[in-house]
Amino acid sequence: MRYAQGGGLTDERREFREGIRMMAAERFAVGEPRSAIAKELRVSVRSVQRWRRAWDRGGLRAVRSAGSASLPRLSEAQFAILETELAKGPVAHGWPDQRWTLARVKTVIGRRFHKSYTLQGVRKLLLRHGFSCQVPARRAVERDEEAIRLGEGDLAAGGSTAAALGAWIVFEDEAGFSMTPPTARTWARRGHTPVIRVRGRTSRQLSVAALACYRSGERPRLIYRPRRHSHRRGDRRSFAWSDYRDLLIAAHRQLGAPIVLIWDNLGTHVCADMRAFIDGQDWLTVFQLPAYAPELNPVEGVWSLLRRGYTANVAFTNPDHLIRTVREGLRKIQYRPTLLDGCLAETGLALRPR
């Protein structure tokens, strides 16, 4: 059976069904048995019984089709209004959290358009218009979208500076890893949730500072330095400014060209000693990322690849096992430049100014 673009029967199919009803009504008038009518018209006896009851109540007019019994459809203009309402968020419609469910969308449709949908009908409506059920990305409340927009302009200026100097554009970020690994989906028998045995101790065992390096016409590079935590009283549990200094000097020697460094506003990045070091290097130019905008840093993509592809669901036996696994994962990413290119593409930034 064919259906129209917006739902319901096509005109040809509707006319055909109308003709079947009229032929059944003609046979009701001459007293033919219902089973014979059903057999001749190739329909079910139950359908003939339903039409006969309608014919007994109201005659030929009652037998005529009342139209498709499909769900009420929102027009394209109405769905555009619904999409605007959904964009306001559940809080604007009286719910305390930020989660759209089928039941809530159904309620909004009823309030706004006075149409009743089933939950399955709401699901099909959303899918038909390009919606899907997704895990949302988190954004900090403190984000200043205007500052981020201006910051993207500064990053574009950094790309122009790098192009003028023949320099590498280098993004920096750091991350911590503990004995408790991230979890990823795995296959198991339905109804039996798989269990991953992990260490209960969750303190950070390892920190890694990484540089994602890009230059037009060159293979992207990944340079990193791990730092293991001893957890002894008085020992530093993060990178010092001197650690970043040594990492940048090593990167400059390895790349053999000036560096345009782009990193966040971590206190160690903007301390007096670090600023004095940066001012004293003619090969180093620094741009700051906007606050609360990790999506502009391709190193965040490196951490995502590392956690999802190499450390997820791993039952670490000891800190050495953790460190070895992280090193092996980073080494594999180093030798796959397409992954680093993908991390840059995900930010929406370009090596050359548009």
Side-chain angles (χ1 to χ4, degrees), residues 1-18 65-146 148-149 152 182-194 292-298 300-301 303-305 307-309 312-313 342-343 345-349:
M1 185 182 298
R2 286 192 304 118
Y3 287 88
Q5 181 72 20
L9 299 172
T10 61
D11 292 340
E12 295 84 357
R13 185 63 179 174
R14 188 178 295 108
E15 292 176 1
F16 174 76
R17 294 185 64 176
E18 186 73 19
S65 174
S68 174
S70 61
L71 292 173
R73 298 282 182 174
L74 294 183
S75 65
E76 293 300 324
Q78 289 174 325
F79 189 85
I81 297 174
L82 175 62
E83 190 170 4
T84 302
E85 296 296 329
L86 297 181
K88 296 177 182 178
V91 176
H93 292 274
W95 287 285
D97 55 30
Q98 303 176 70
R99 185 166 62 103
W100 278 119
T101 63
L102 296 178
R104 292 179 177 181
V105 177
K106 173 185 175 181
T107 301
V108 173
I109 293 175
R111 291 174 180 173
R112 190 68 175 79
F113 306 105
H114 306 288
K115 292 189 177 184
S116 177
Y117 267 74
T118 63
L119 295 182
Q120 189 66 14
V122 174
R123 177 180 176 274
K124 292 180 179 179
L125 174 70
L126 295 177
L127 291 175
R128 190 166 60 249
H129 286 84
F131 281 65
S132 63
C133 189
Q134 307 174 38
V135 177
R138 289 184 291 188
R139 290 288 182 266
V141 177
E142 298 86 354
R143 278 170 62 99
D144 186 342
E145 298 297 339
E146 180 63 20
I148 291 175
R149 186 183 64 81
E152 290 178 353
T183 55
R185 295 188 179 189
T186 182
W187 284 95
R189 184 175 293 277
R190 186 181 293 111
H192 298 269
T193 303
Y292 301 103
E295 69 275 9
L296 297 180
N297 194 338
E300 293 286 349
W303 302 140
S304 179
L305 290 172
R307 290 191 170 99
R308 289 186 291 109
N313 295 4
C343 293
E346 189 177 13
T347 66
L349 304 175

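Atoms CD1 and NZ, on Ile109 and Lys106 in that order, are 9.5 Å from each other to the nearest 0.5 Å. A distance of 6.0 Å separates NE2 of His93 from NZ of Lys88, quoted to the nearest 0.5 Å. Arg73 CZ to Arg128 CZ: the interatomic distance, rounded to the nearest 0.5 Å, is 4.5 Å. To the nearest 0.5 angstrom, His129 atom NE2 is 7.5 Å from Leu74 atom CG.
Heavy atoms only, all atoms of each residue included: Thr101 and Arg99 are closest at CG2-NH1, 3.5 Å. Taking every heavy atom of both residues into account, Cys343 and Leu305 meet most closely at SG-CD1, 3.8 Å. What you find for Glu295 and Thr347 is that their closest heavy atoms are O-CG2, 3.4 Å. Considering every non-hydrogen atom in both Val91 and Gln98, the closest pair reads CG2-CG, 4.3 Å. Counting all heavy atoms, side chain and backbone alike, Gly89 lies closest to Trp100 at C-CZ2, 3.6 Å.
Applying the side-chain contact (heavy atoms from CB on, under 4.5 Å) test between Leu102 and each of Leu126, Thr107, Leu125 identifies Leu126 as the sole match.
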Item to check | side chain to side chain contact (heavy atoms under 4.5 Å, CB included) between Leu82 and Phe113, worked out | outcome: CA-CA 9 Å; Leu82 175 62; Phe113 306 105; 4.0 Å; yes
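Counted by atom type alone, Thr118 and Gln120 present zero donor-acceptor pairs between their side chains at under 3.5 Å.
Partners of Phe131 by ring-ring contact (aromatic ring centres under 6.0 Å, His included), not counting sequence neighbours, listed by chain and number: Phe79.
The 12-atom threshold is exceeded at CZ of Arg104, counting heavy atoms of other residues, nucleotides or ligands nearer than 6.0 Å. The local environment of CD in Gln78 is crowded, with over 12 non-hydrogen atoms from other residues, nucleotides or ligands closer than 6.0 Å.
Side chain of Ser304 to backbone of Glu300: no donor-acceptor contact under 3.5 angstrom is found.
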